[in-house]
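Only one structure is covered here, and it is reproduced in the block below.
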Amino acid sequence: MLPRTYDNQVCSIARTLEVMGDRWTALLIRDAFLGRRRFDEYQASLGCARNVLADRLARLVDDGILEKHIYNERPERYEYRLTAKGLDLWPVLMTLMKWGDTYAPTEGGPPVRIVHRDCGGEMTERLTCSLCGEPLEPRLVRAEPGPGAPVRA
């Protein structure tokens, strides 16, 4: 396994990658923005091994990106919610999504549309509303299936 740290790099990007530089971590954070909270919801969405999922969730809690909230005492079960530090990753993930929509597109178009709750406009590459121009943030938007979304049976 590759090391998780970049000790010889004096670089903010390297330090950020130490926290969220593997694919499961970024996808977990994406799922948290999509409203997933529970271990089984993450498991169903990602399909990664349970031990990998448990490790990534624990790291995100340790790093202050997610926080655990108990929802069942017996057996003990937790929800994982984004902290303020986690919410600050929203522009990063949205920019990655927009980049992927442009340079690694799916057949049919973007699989997800980010829509402004107030007016229904779509999020632009500048993270503003295409209709009213308002700067967008997580609480002002909802995710909807886009034209490239898989068809559900």
Side-chain angles (χ1 to χ4, degrees), residues 1-7 9 11-101 106 110-129 132 134-146 148-153:
M1 179 191 286
L2 292 173
R4 189 172 170 228
T5 60
Y6 302 94
D7 295 331
Q9 298 287 317
C11 170
S12 297
I13 295 170
R15 286 192 315 278
T16 301
L17 287 173
E18 288 177 359
V19 174
M20 61 173 293
D22 71 79
R23 70 179 181 162
W24 296 122
T25 300
L27 294 175
L28 265 169
I29 296 167
R30 174 208 61 194
D31 278 5
F33 278 112
L34 291 174
R36 292 185 179 90
R37 301 279 179 264
R38 298 181 179 181
F39 188 95
D40 290 339
E41 292 172 329
Y42 290 120
Q43 174 70 46
S45 171
L46 300 173
C48 66
R50 294 180 72 79
N51 64 322
V52 171
L53 179 56
D55 176 70
R56 296 317 184 277
L57 285 168
R59 278 195 215 169
L60 289 169
V61 169
D62 289 346
D63 288 332
I65 292 169
L66 294 176
E67 57 189 9
K68 288 169 66 169
H69 294 268
I70 196 159
Y71 72 88
N72 194 38
E73 302 230 357
R74 291 194 138 168
E76 217 170 65
R77 300 270 192 247
Y78 294 92
E79 289 186 337
Y80 298 87
R81 299 181 192 158
L82 289 161
T83 63
K85 184 177 178 179
L87 288 168
D88 279 348
L89 288 168
W90 189 77
V92 175
L93 289 182
M94 293 301 101
T95 301
L96 283 171
M97 184 186 78
K98 286 296 192 180
W99 187 93
D101 289 346
T106 58
V112 175
R113 296 173 53 238
I114 304 298
V115 177
H116 187 197
R117 290 181 189 273
D118 287 349
C119 74
E122 287 195 50
M123 181 182 69
T124 69
E125 290 78 15
R126 301 249 182 236
L127 308 184
T128 60
C129 177
C132 71
E134 183 176 347
L136 298 177
E137 59 184 62
R139 291 182 176 98
L140 299 177
V141 299
R142 67 180 179 274
E144 296 181 351
V151 177
R152 303 228 185 249

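Qualifying side chain to side chain donor-acceptor pair (under 3.5 Å) partners for T128, counting only residues two or more places apart in sequence or in other chains: T124. Evaluation of the salt bridge (charged side-chain N to carboxylate O under 4.0 Å, His left out) rule for E144 yields R113, R142 as partners, not counting sequence neighbours. Under the rule for a salt bridge (charged side-chain N to carboxylate O under 4.0 Å, His left out), the partners of R38 that lie at least two apart in sequence or sit in another chain are E79. R37 meets the side chain to side chain donor-acceptor pair (under 3.5 Å) test with no other residue; sequence neighbours excluded. Not counting sequence neighbours, E125 has no partner by the salt bridge (charged side-chain N to carboxylate O under 4.0 Å, His left out) test. Residues forming a side-chain contact (heavy atoms from CB on, under 4.5 Å) with T106 (at least two apart in sequence, or on another chain): P111. Remark: D118 pairs with no residue by the salt bridge (charged side-chain N to carboxylate O under 4.0 Å, His left out) rule, at least two apart or across chains. Residues passing the side-chain contact (heavy atoms from CB on, under 4.5 Å) test with F39, sequence neighbours excluded: Q43, R50, L53, A54, L57. By the side chain to side chain donor-acceptor pair (under 3.5 Å) test, E137 pairs with no residue at all, sequence neighbours left out. For A58, there are no side-chain contact (heavy atoms from CB on, under 4.5 Å) partners, not counting sequence neighbours. For E134, the side chain to side chain donor-acceptor pair (under 3.5 Å) test picks out H116, with sequence neighbours left out. Partners of P150 according to the side-chain contact (heavy atoms from CB on, under 4.5 Å) rule, which considers only residues two or more places apart in sequence or in another chain, do not exist here.
Annotation: side chain of I114 is in contact with side chain of M94 (closest heavy-atom distance under 4.5 Å). Residues T25 and L60 meet the side-chain proximity criterion, which asks for heavy atoms closer than 4.5 Å. Looking at heavy atoms from C-beta onward, M123 lies out of side-chain contact with V115 at the 4.5 angstrom threshold. By the 4.5 Å heavy-atom criterion applied to side chains, D101 and M97 are counted as neighbours. No side-chain heavy atom of Y80 sits under 4.5 Å from any side-chain heavy atom of L28. R30 places none of its side-chain heavy atoms less than 4.5 Å from the side chain of L89.
The distance from atom CD of E76 to atom OH of Y71, rounded to the nearest 0.5 Å, is 11.0 Å. Taken to the nearest 0.5 Å, the CZ atom of R36 stands 4.0 Å off from the CG atom of D31. Rounding to the nearest 0.5 Å places CZ of R117 at 11.5 Å from CG of L136. Rounded to the nearest 0.5 angstrom, L27 CG and M20 CE are separated by 9.5 Å. Residue K68 holds its NZ atom at 13.5 Å from CZ of R81, rounded to the nearest 0.5 Å. Here the straight-line distance linking atom SG of C129 with atom CG of L140 works out to 10.0 Å at 0.5 Å rounding.
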Residues Y78, N72; criterion side chain to side chain contact (heavy atoms under 4.5 Å, CB included); working and verdict: CA-CA 7 Å; Y78 294 92; N72 194 38; over 6 Å; no
task: Test side chain to side chain contact (heavy atoms under 4.5 Å, CB included) on D22 and R56 and set out the steps.
output: CA-CA 9 Å; D22 71 79; R56 296 317 184 277; 3.2 Å; yes
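Salt-bridge annotation for K85 and D63: absent, with no side-chain N of the basic residue lying under 4.0 Å from a carboxylate O of the acidic one.
Of all heavy-atom pairs between P91 and L87, the closest is CD-O, 4.3 Å. G86 and F33 make their closest contact through O-CZ, 3.4 Å (heavy atoms, listed as atom of the first residue, atom of the second, distance).
Atom CD1 of I70 is surrounded by more than 12 heavy atoms from other residues, nucleotides or ligands within 6.0 Å.
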